[in-house]
Amino acid sequence: MAGEEDELPEETELSYDQKKEIAKWFLLNAPAGEINYVAKDLKAVLSDEEVYNEAAMEAFPVYNKSHMICLEMPSRDGDVIVSSYSEIAENEYIDPRTAQVAIVDHVKQICTKVRPANDEELPSLYIEEYRNALDAEIQRYVSESYPKGISAVNCVKGKDTEGPGSDFEFVVIITAMRLSPQNFCSGSWRSVWNIDFQDESQVLDIKGKLQVGAHYFEEGNVELDAKKDFQDSTIFQSADDCAIAIANIIRHHETEYLAALEVAYSKLPDNTFKDLRRKLPVTRTLFPWQNTLQFSLTREVEKELGLGK
Amino acid sequence: MEAALGLLRRMPPKQSETALSALLSLIPQHSSDLLSQVDLPLQVLRDIESGKDFILCEYNRDADSYRSPWSNKYLPPLEDALYPSSELRKLEVEANDIFAIYRDQYYEGGISSVYMWEDDNEGFVACFLIKKDGSKSGHGRRGCLEEGAWDAIHVIQVGPEEEGMAHYCLTSTIMLSLATDDESSGKFGLSGSIRRQMKMDLAVAEGHLCNMGRMIEELEGKLRNSLDQVYFGKTREMVCTLRPPAEIVQMRLPDT
């Protein structure tokens, strides 16, 4: 990007590739749920359909996966989450719950059709027992705590394990998004929990990553960007017991995190913000602009106290 | 052009510089419009002669040099440069001194600069700037912030004096970003910018500086409150909409 800054404003045309990279940058940096608004404005600024289309083909899949967008499956049995954990091929994403593979159009952000997943794509019965139990517990948690949350559990390692004796790994995804253009507001919550089932130590190593974003842009532009990593563990038990233990751990950490966010927000007006600008001077009165004598005095005092800058 | 501004409004506020230079290279024919409508975080230069920092902006720039409000000299030195009249310069000097104290009272640190120049309507324009680094390593008194930046740009047009009154038009822009990093809430960052205008007709009896100062103080206060309550408040509301706090969830269960 740095090269472009020097190329103003004479007739130096940007190359096709340079324009494409810029277009991709704008698309990739769109806030959650706003990529289509960005796309519309970008097309107008670019006025070059070819560049836009190529940039979109490259940027949309990356954006969709990183934001873990949810697409409705035409078979009407729910949404499939587009993520790197559920990716089978560039436009194919597996929904483990319904054992289907969704074929998606990244740029249009829709699921065009589904097909049943074949045996190589699905986990073994042993793994599926654990996955299914966990999936059900997580769904229960999500429907209780998130008004519009969607979850999935994907096996990312060891899915062909036939029985005890090997390690395997699941990824739990919880995502919720809200888009309110008439209120100039949007937001997204993304949780990714890695559950590592370790056979030898009979321990489940749990690592979580939460990311929350919000954007408010009525006559202004303000963005929240918050994230946190978590670490926890529990013992390797039966499928049902593991599911309950894991869901409890996730519920506990996420609830605590939300409370911590609330605390951070409540400290803003009187503490955090004060480090930037106070609401009023220490004198608790407005600044005495008309009193120039006071200024000379203040300046003298400040000099004496070594406070002047 | 509208599309360009739309894009800027959606890009992360911390990336506004990158976004602006990308747009400038895509639509160079609109560069003067873009540069005048978009504000970027302020930059600072040291005036070695007076030992103080001053803020750079379009209003103290001539070619590639910038005029220091302390020494009234351009850095790097420039021949045939633009200067305010000696009368206006006197007002400018006073404004810088007083504004520095105002800045200290509200910001407990930071850097400020004031620039003035005559405009075509027999009035003048003044630009009051503040830059504050509120992070732990900067001037943050309470050590709350990992990162904290506040940039304020106040441009005020003063009309000619008529029957003891003058018309003032103030446009204020605040850009800020803050980030905390602690055990319980992890990395928490808020950033953004807003711009508002305020127009008033005031008696010149107490002097222009007094009038301008009061308007700036009032608008700055309003913007600070707006950012805090409305803007940040809306993002907080959004988080609670995505995932309501536990107490509310528990209360809902009996109904479902």
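To find a chain, count down the sequence lines: A is the first, B the second, and so on, and within it residues start at 1. If you're wondering where the values come from, they're calculated on a predicted model, not measured in any experiment.
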Undergrad: Taking the side chain as C-beta and beyond, is there a heavy-atom pair between A:W289 and B:L209 under 4.5 Å?
TA: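 No, side chains not in contact.
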
Undergrad: About how many Å separate CG of B:L190 and CG of A:L268, when rounded to the nearest 0.5 Å?
TA: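 Taking CG in A:L268 and CG in B:L190, the distance rounds to 6.0 Å.
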
Undergrad: Among A:N29, A:L46, A:L276, single out the residue with the greatest number of heavy-atom pairs under 4.5 Å to chain B.
TA: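 Of A:N29, A:L46, A:L276, A:L276 has the most heavy-atom pairs under 4.5 Å with chain B.
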
Undergrad: Should B:Q105 and A:T283 count as side-chain neighbours, where that means a heavy-atom distance under 4.5 Å?
TA: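 In contact.
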
Undergrad: Under 4.5 Å, counting heavy-atom pairs only, tell me which of A:F184, A:F230, A:W189 racks up the most with chain B.
TA: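 Among A:F184, A:F230, A:W189, the one with the most close pairs to chain B is A:W189.
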
Undergrad: When rounded to the nearest 0.5 angstrom, what distance separates OG in A:S145 from CZ in B:R243?
TA: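 That separation rounds to 4.5 Å.
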
Undergrad: Looking at CG of A:L14 and OG of B:S25, how far apart are the two atoms once the value is rounded to the nearest 0.5 Å?
TA: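 Going from the CG atom of A:L14 to the OG atom of B:S25 covers 4.5 Å.
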
Undergrad: Decide side-chain contact (heavy atoms from CB on, under 4.5 Å) for B:L26 and A:K19; before the verdict, give the C-alpha distance in whole Å, the side-chain angles of both, and the deciding distance to 0.1 Å.
TA: CA-CA 7 Å; B:L26 280 178; A:K19 280 198 214 169; 4.0 Å; yes

Undergrad: Among B:G189, B:G186, B:G192, which has the most heavy-atom pairs under 4.5 Å with chain A?
TA: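 Heavy-atom pairs under 4.5 Å are most numerous for B:G189.
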
Undergrad: Tell me, side chain or backbone of B:T180 under 4.5 Å from chain A's heavy atoms, or both, or neither?
TA: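 Just the side chain, heavy atoms under 4.5 Å.
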
Undergrad: Does A:R278 count as lying over the ring of B:Y106, i.e. NZ or CZ under 6.0 Å from the six-ring centre, within 45 degrees of the axis?
TA: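 Judged by the rule (NZ or CZ under 6.0 Å from the ring centre, within 45° of its axis), A:R278 is not positioned above B:Y106.
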
Undergrad: At what distance, to the nearest 0.5 angstrom, does OG1 of B:T18 lie from CZ of A:F26?
TA: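 B:T18 OG1 to A:F26 CZ: 9.0 Å, rounded to 0.5 Å.
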
Undergrad: Need one label for A:V212: side chain, backbone, both or neither, based on atoms under 4.5 Å from any heavy atom in chain B.
TA: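 The side chain, not the backbone.
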
Undergrad: Please walk me through it: do A:E262 and B:C240 pass side-chain contact (heavy atoms from CB on, under 4.5 Å)?
TA: CA-CA 9 Å; A:E262 271 294 298; B:C240 290; 3.5 Å; yes

Undergrad: Just give me the residue among B:S185, B:G233, B:S226, B:G207 that pairs up with chain A most often, heavy atom to heavy atom, under 4.5 Å.
TA: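 Heavy-atom pairs under 4.5 Å are most numerous for B:S185.
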
Undergrad: Ignoring hydrogens, what is the shortest heavy-atom contact between A:P147 and B:P244? Give both atom names and the distance.
TA: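 Of all heavy-atom pairs spanning A:P147 and B:P244, the closest is CD-CD, 3.4 Å.
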
Undergrad: Checking B:A152 against chain A: side chain, backbone, both or neither under 4.5 Å from a heavy atom?
TA: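 B:A152 has no heavy atom closer than 4.5 Å to chain A.
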
Undergrad: Report which part of B:E220 has an atom under 4.5 Å of a heavy atom belonging to chain A: side chain, backbone, both, or neither.
TA: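 Backbone plus side chain of B:E220, per the 4.5 Å heavy-atom cut-off to chain A.
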
Undergrad: Under 30°, 30 to 60°, or over 60°: which ring-plane class applies to B:W150 and A:F273, parallel, tilted or perpendicular?
TA: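 Geometry flag for A:F273 against B:W150: perpendicular rings.
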
Undergrad: What's the shortest heavy-atom distance between B:M238 and A:S186, and which atoms?
TA: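 Minimum heavy-atom separation between B:M238 and A:S186: CE-C, 3.5 Å.
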
Undergrad: So which part of B:E217 gets closer than 4.5 Å to some heavy atom of chain A, the side chain, the backbone, both or neither?
TA: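 Contact with chain A: backbone and side chain both.
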
Undergrad: Without swapping roles, check the side chain of A:K228 against the backbone of B:E183 for a donor-acceptor pair under 3.5 Å.
TA: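 A pair under 3.5 Å: yes.
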
Undergrad: Heavy-atom distance under 4.5 Å to chain B: side chain of A:S47, backbone, both or neither?
TA: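 Neither part, no heavy atoms under 4.5 Å.
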
Undergrad: Measure the shortest side-chain to side-chain distance between A:D275 and B:L178 over non-hydrogen atoms and say whether it is less than 4.5 angstrom.
TA: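 No, every pair of side-chain atoms sits at 4.5 Å or beyond.
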
Undergrad: Contact part of A:A176 toward chain B, heavy-atom cut-off under 4.5 Å: side chain, backbone, both or neither?
TA: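 For A:A176, backbone and side chain are both near chain B.
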
Undergrad: Is it the side chain or the backbone of B:N225 that comes within 4.5 Å of chain A heavy atoms, both, or neither?
TA: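 Just its side chain gets close to chain A.
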
Undergrad: For B:E2, look at atom CD and say whether over 12 heavy atoms of other residues, nucleotides or ligands are found less than 6.0 Å away.
TA: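 Open.
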
Undergrad: Is chain A contacted by the side chain of B:L242, its backbone, both, or neither, given a heavy-atom distance below 4.5 Å?
TA: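 Both backbone and side chain of B:L242 come within 4.5 Å of chain A.
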
Undergrad: More than 12 non-hydrogen atoms from neighbouring residues, nucleotides or ligands closer than 6.0 Å to CD on A:E49, yes or no?
TA: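 No.
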
Undergrad: Between atom NZ of A:K279 and atom CZ of B:R224, what is the distance when rounded to the nearest 0.5 Å?
TA: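 If we round to the nearest 0.5 Å, A:K279:NZ and B:R224:CZ are 6.0 Å apart.
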
Undergrad: Does a salt bridge link B:R195 with A:E219, judged by any charged N lying under 4.0 Å from a carboxylate O?
TA: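 Salt bridge: no.
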
Undergrad: Hey, does the side chain of B:R214 reach the backbone of A:P288 with a donor-acceptor pair shorter than 3.5 angstrom?
TA: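 It does not hold such a pair.
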
Undergrad: Measure distances from A:L210 to the heavy atoms of chain B and classify the residue's part below 4.5 Å as side chain, backbone, both or neither.
TA: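 The answer is neither part of A:L210.
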
Undergrad: Does B:Q229 have more than 12 heavy atoms from other residues, nucleotides or ligands lying within 6.0 Å of its CD?
TA: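 Yes, CD of B:Q229 has more than 12 neighbouring heavy atoms, counting only those of other groups under 6.0 Å.
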
Undergrad: For A:S188, is it the side chain, the backbone, both or neither that has a heavy atom under 4.5 Å from a heavy atom of chain B?
TA: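 Looking at A:S188, just its backbone touches chain B.
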
Undergrad: If you count heavy-atom pairs within less than 4.5 Å of chain B, which of A:N271, A:L280, A:L261 leads?
TA: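 So the answer, after comparing A:N271, A:L280, A:L261, is A:L280.
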
Undergrad: Can you tell which of A:K267, A:K43, A:E256, A:R178 has the highest number of heavy-atom pairs within less than 4.5 Å of chain B?
TA: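 The answer is A:R178.
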
Undergrad: With a 4.5 Å cut-off on side-chain heavy atoms, are A:L224 and B:F232 touching?
TA: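 A side-chain contact is absent here, since even the closest heavy-atom pair is not under 4.5 Å.
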
Undergrad: Against chain A, work out which of B:L176, B:T235, B:V239 has the most heavy-atom pairs shorter than 4.5 Å and name it.
TA: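 Option with the greatest count: B:T235.
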
Undergrad: Hey, do the aromatic rings of A:Y265 and B:F188 have their centres closer than 6.0 Å?
TA: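 Yes - the distance between ring centres of A:Y265 and B:F188 falls below the 6.0 Å cut-off.
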
Undergrad: Just list the side-chain donor-acceptor pairs under 3.5 Å for residues 5-16 of chain B, sequence neighbours left out, or say none.
TA:
| from | atom 1 | to | atom 2 | distance (Å) |
| --- | --- | --- | --- | --- |
| B:R10 | NH1 | A:E34 | OE1 | 2.7 |
| B:K14 | NZ | B:E147 | OE1 | 2.8 |
| B:S16 | OG | B:P13 | O | 3.0 |

Undergrad: Could you look at A:K274 and say if it's the side chain, the backbone, both or neither that has a heavy atom under 4.5 Å from chain B?
TA: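 Both backbone and side chain.
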
Undergrad: Select one option (side chain, backbone, both, neither) describing which atoms of A:E218 are under 4.5 Å from chain B's heavy atoms.
TA: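 For A:E218, the contact with chain B is made by the backbone alone.
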
Undergrad: Can you tell which of A:G220, A:A226, A:P269, A:A44 has the highest number of heavy-atom pairs within less than 4.5 Å of chain B?
TA: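 Of the options given, most contacts go to A:P269.
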
Undergrad: How many angstroms lie between OG1 in B:T241 and NZ in A:K148, if you round to the nearest 0.5 Å?
TA: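 Result: 10.5 Å between the selected atoms.
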
Undergrad: Can you tell which of B:M212, B:E206, B:R196 has the highest number of heavy-atom pairs within less than 4.5 Å of chain A?
TA: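 With the most close heavy-atom pairs to chain A, the winner is B:R196.
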
Undergrad: With a 4.5 angstrom heavy-atom cut-off, is it the side chain or the backbone of A:S266 that approaches chain B, or both, or neither?
TA: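 Interface part for A:S266: both.
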
